[in-house]
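What follows is one structure encoded as C-alpha cells, with my remarks underneath.
Since the structure is predicted, the reported quantities are computational estimates derived from the model, not experimental observations. Residue numbers begin at 1 in each chain, while the letters A, B, ... track the order of the sequences.
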Protein chains: 2
Amino acid sequence: MKNTKREKKFSNKTIERLALYYEILITLPFKKKYISSEEIGNLAGVSPSTVRQDFLYFNEIEGKAKIGYEVTKLKEALRNIFKLNSKTHVVIVGAGSLGQAIAGYDSFKKSKVVFDSFFDNNPNKIGRLFKGIFVRDIKYLKDYLKENRRIKIVVICVPPKEAQSIVNLVVDSGIKIIWNFSPTILKVPSDILVEYEHIGVSFYRLLFKRKTIKKEIK
Amino acid sequence: MKNTKREKKFSNKTIERLALYYEILITLPFKKKYISSEEIGNLAGVSPSTVRQDFLYFNEIEGKAKIGYEVTKLKEALRNIFKLNSKTHVVIVGAGSLGQAIAGYDSFKKSKVVFDSFFDNNPNKIGRLFKGIFVRDIKYLKDYLKENRRIKIVVICVPPKEAQSIVNLVVDSGIKIIWNFSPTILKVPSDILVEYEHIGVSFYRLLFKRKTIKKEIK
DNA sequence: TAGATTGTTAATCGATTAACAATC
DNA sequence: TAGATTGTTAATCGATTAACAATC
C-alpha cells in the first residue's frame, strides 16, 4: 500500500510520460487484464524504475506486487489525472488543413474534448462544415468567446504572421489557455498558459538523428 | 576563440533547443544583426547559460564577447547542423487533413524538404493534387519507394489501425526513417529510426497544467 | 580604456537507475 | 509456501546554473 502523504513536485517529463502511458494503454488488446511496470516501460521506451517513480506521485495509481497494475483501473486513474472525463470546450482559429487535422485527430475521439467552432477569414470557408464543425467569421471571434464562457481553450492554426494579432484578441476576451501550432513565438501576459506544438522542431530533430545514424553505419 | 577538440555527447534536449533557436531566428526582424545568449534565452524560455552550453558543442557556432552572435552566421550554422541546405525527399502516406497540413506547414517552405508524393487508398483522392502534390494509389507505395531511392523519409498520417501494416511495407522497401503522426506504438527492427509526433500527448500536458493553474489561483 | 558578453570550468540541482524490503 | 513485482529509499548520473577569466 502507498503512503498517504505524497505531494512532491513532479517534473514536466513525468507528465509527458504519463500521457504516453495512457496512449499505450488505450491501444492494448482487450483481453489484457494486468500489466507490469516492466511491460509499460518496454512499450514506452523507459525503464521499469522510471514507470514506478512516475506512478509514485499519484495516490490513485496502485499496483499489486507479483501481479502488476490492473489495466482498466490504471486507465481510469490516468483519465482522472488529466481530467479527460469532464468536458473541455475548445475553439479552433484557422480552418485550414492543420485546424481540420486537429479537429479530426483520433485520440480526441476517446476523450471529452468538444470542438465548438472553427473561425476563419476566408469567405469560401465561412458557413461551411469541416469534420462536422461550423466555420464562423473571424470578426465575431471576440464576441463569441465573451458570450460562450464554457470555452476554455483556443487553438491557433493560422499562418505565423497572423498569429500574434489573433492571440491579442483572444487574451482580451478572457481566455487563459492557448494551444499554438503556428511556428512563431507569442507574446502573452504572464498569467496566460501557452502550449507550443512545434511540428518543425520535431522534424529537425529527425534530420539531426539521421546524420548521427549515417555516421554510425560508416 | 573556441577550443578545437570538442566531441562531447550532446543531449536530445540540446538538439531540441537548437531547433527552437533556429525557429526563433527565422522570425527575427531583418534589421537585427547581432543577438546575445541572453536575448535568445528570453525568447526560448531558457537561461543564457543553457544557450551558451548548447552552442559549446558546435565549433561552427562562434560569438564575439561584448557583441553577441551574428544572426546570419548563427542561422547558417544551425542550417548546417540540421542539414537544411541539402534536399530531403519525403513521401506522405495518408492524404487526409493531417497529411495535407504537414505538406503545407510554413516552416518547411524555408527548408529544402521536398514532398514527392502523397499515397492514399481513397479513390476520390487518387489522381488529385493537394498542396500541389500528386496523390498516388497506396498499392503502388512499395514499388514507388524501391524505384525512387532518393526518398529517405516516409511520413505516416493514416488512422492508427492501418499504421502498422503500412510501416511493415515501408520497412520492407528499404526506408530507414519514419515520421509517425498516428497515435499508436509501432513495432520496427532496431535499425529503423522512428520519430513520434504525439499531438495528443501535447494536449494532455496542456490539460494537466490547466489543473495546476486553477489550484494556484484559488 | 572600460565594461559587456563570450567560452568554459566548477557547483548545484534534479532526474534516472539501482537496490531491496514488503507483499500478494 | 516461493518467487515475482510493487513501493520506496539511496546511489548514480546527467543537465542546468553559477561564476569568472578572457576578450572584443
Whether A:His198 and A:Tyr196 hold their rings parallel, tilted or perpendicular, with breakpoints at 30° and 60°: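 Correct class here is parallel.
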Tell me whether the rings of A:Phe108 and A:Trp179 are parallel (<30°), tilted (30 to 60°) or perpendicular (>60°). perpendicular
To the nearest angstrom, how far is [X] atom [atom1] from [N] atom [atom2]?
{"X": "A:Glu39", "N": "D:dA4", "atom1": "CD", "atom2": "C1'", "answer": "13 Å"}
{"X": "A:Glu60", "N": "D:dG7", "atom1": "CD", "atom2": "P", "answer": "13 Å"}
{"X": "A:Asn12", "N": "D:dA15", "atom1": "CG", "atom2": "P", "answer": "16 Å"}
{"X": "A:Asp54", "N": "C:dT17", "atom1": "CG", "atom2": "P", "answer": "11 Å"}
{"X": "A:Glu70", "N": "D:dT5", "atom1": "CD", "atom2": "P", "answer": "17 Å"}
{"X": "A:Leu56", "N": "D:dT9", "atom1": "CG", "atom2": "P", "answer": "8 Å"}
{"X": "A:Lys66", "N": "C:dC20", "atom1": "NZ", "atom2": "P", "answer": "22 Å"}
{"X": "A:Glu62", "N": "C:dT23", "atom1": "CD", "atom2": "C1'", "answer": "12 Å"}

Determine, step by step, whether A:Val171 and A:Ile178 satisfy the side-chain contact (heavy atoms from CB on, under 4.5 Å) criterion, reporting the C-alpha distance in whole Å, the side-chain angles of both residues, the deciding distance to 0.1 Å, and the verdict. CA-CA 9 Å; A:Val171 170; A:Ile178 291 168; 4.2 Å; yes
Lys/Arg-Asp/Glu bridge criterion (N-O < 4.0 Å) met for A:Asp54, A:Lys13: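 A:Lys13 and A:Asp54: not salt-bridged.
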Determine whether any donor atom in the side chain of A:Ser49 lies under 3.5 Å from an acceptor atom in the base of C:dA18, or the reverse, and answer yes or no.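 It does, because a donor-acceptor pair links the side chain of A:Ser49 to the base of C:dA18 below 3.5 Å.
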Indicate, yes or no, whether a donor-acceptor pair under 3.5 Å links the base of C:dT9 to the side chain of B:Gln53.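 Such a pair exists between side chain and base.
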OP1 or OP2 of [N] less than 4.0 angstrom from a side-chain nitrogen or oxygen of [X], does that happen here?
{"X": "B:Arg52", "N": "C:dT6", "answer": "yes"}
{"X": "A:Arg17", "N": "C:dT16", "answer": "yes"}
{"X": "A:Thr50", "N": "C:dT17", "answer": "yes"}
{"X": "A:Ser37", "N": "D:dT6", "answer": "yes"}
{"X": "B:Tyr69", "N": "C:dG7", "answer": "yes"}

Validation row, ring centre B:Tyr204 to ring centre A:Tyr22 under 6.0 Å: yes
Suppose we call two aromatic rings close when their centres sit under 6.0 Å apart. Are A:Tyr105 and B:Phe203 close by that rule?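 Between A:Tyr105 and B:Phe203, the centre distance exceeds or equals 6.0 Å.
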Between B:Ser97 and A:Lys131, does any side-chain donor sit less than 3.5 Å from a side-chain acceptor?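 There is such a pair between these side chains.
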Do A:Thr88 and A:Lys83 pair up side chain to side chain, a donor and an acceptor below 3.5 Å, judged on atom types alone? no
Pairing annotation in dot-bracket form, given for DNA chain C with Watson-Crick or G-U pairs under 3.5 Å and | for cross-strand partners: ..||||||||||||||||||||||
5' priority, DNA chain C, between A:Ser47 and A:Lys64 [closest heavy atom]: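 Result of the comparison: A:Ser47.
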Hey, which of these two, A:Lys13 or A:Ile67, hits DNA chain C nearer its 5' end, going by closest nucleotide? A:Lys13
With the side chain of A:Ser36 defined as its heavy atoms from C-beta on, choose the nearest nucleotide among D:dC24, D:dT6, D:dA15.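 Shortest atom-to-atom distance from the side chain points to D:dT6.
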